[in-house]
Amino acid sequence: MERKARILLITTGGTIVSRQGAEGLEPGGPQELEQTLQNFAAYYEVGLRDIFCLDSSNIRPEEWQAIARAVYEERGKWDGIVITHGTDTMAYSASALTFMLPGIDLPVVFTGSQLPMQHILSDGPDNLRTAFAMAASGVPGVFLAFDRKVMLGCRAVKVRASGFSAFESINAGYVAYVTDRGLTLNKDCLPVVSGPAALRTDISKNVFLLKLTPGLSPEIFDALAGMGYRGVVIEAFGLGGINVLNRGLQGIRRAVEMGISVVVTTQCLYDSANLRVYQVGSRLLDMGVIQGFDMTSEAAMTKLMWALGQKMTPEEIKKLFAKSIAGEITA
Ligand code: ASP
């Protein structure tokens, strides 16, 4: 008889383990998952490691580091790791872990739920089933499983505040679906992971995400520099348009001259920014601004935070953003 896959479940809080408290839903603990895990014992050898219990709105880069360390410590002992996490910031955590764990050599799968386990109609058991199946697949990488779909962690975006299909894979195909054949891998969309596995958790908090709005004052960049920010991700218009009239570009030029890495993505959820198409974008490139292409804002933010944490120079950061590390950008 084939041996059961060994899967470690790391719990970090979120709705999936929440209970109704006096002020609303609050994270309970891993005991909320007990019944489901008992059912899973028929299929998997399951381990449990509870590292903290937070609403994911309270998760910071320090918590990303704690999760990455736990994964790295445990990785030799299991076939795969599932991480339960609140949905609100799960896409940030999944992206951050993608960069903190280069060359990861086993499946690491984030999941959670929109309705607590305690609720009879919770989506939690189903999401856990998909996540465990992915964790047992043998495909290395950092993933997010939700609503019977699996996507790269660095391509996931929470697109619904309460709907069960809460996450989408943006500008990249799904890695796997649950079909009538079980978990069906999409071979064309699997990540290319090249080893050796490493733990590189140093990360900078000095990155600001700026959504461009018509008429935004260029002084915002001076204010950010004055506050110690070393990186800015600009969600620009459409293909990467930025207001260039009325001193619009001056703030960005000053920021780049001060050694701040400025990455431009688009505020459109789908498709890619391409600064070469319009004059307003070309001028930015000539100034030293970095293209974010089709990365999600979550991936662009965490990649830049990580690059600065790794003490890369602006030149090195530019080179890093020109390539895909784990599928976060379409080559
Ligand atoms: N507020 C919750 C959290 O992110 C939402 C959820 O888990 O669905 O922790």
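Here the structure is a predicted model, which means the values were calculated and not measured. For ligands, and for the atoms within them, numbers begin at 1 and follow the listed sequence.
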Item to complete: Would you list the pairs meeting salt bridge (Lys or Arg N to Asp or Glu O under 4.0 Å) in which at least one residue belongs to residues 208-223, sequence neighbours left out?
Response: Glu219-Arg247, Asp222-Arg254

Fill in: Close residues, ligand 1: non-hydrogen atom nearer than 4.0 Å
Gly14, Thr15, Asp55, Ser56, Gly86, Thr87, Asp88, Ser113, Gln114

Worksheet item: Which residue pairs satisfy the salt bridge (Lys or Arg N to Asp or Glu O under 4.0 Å) criterion with at least one member in residues 296-313, sequence neighbours excluded?
Response: Lys303-Glu328

Worksheet, complete the sentence: Closest non-hydrogen atoms of Leu97 and Trp64, given as atom of the first, atom of the second and distance, are CD1-O, 3.6 Å

Worksheet item: Listed by chain and number, what are the salt bridge (Lys or Arg N to Asp or Glu O under 4.0 Å) partners of Asp55, not counting sequence neighbours?
Response: none

Worksheet item: Per the side chain to side chain contact (heavy atoms under 4.5 Å, CB included) rule, which among Asn171, Thr98, Leu144 passes with Arg155?
Response: Asn171

Worksheet item: Do Ser113 and Asn127 have side-chain N/O donor and acceptor atoms under 3.5 Å apart?
Response: no

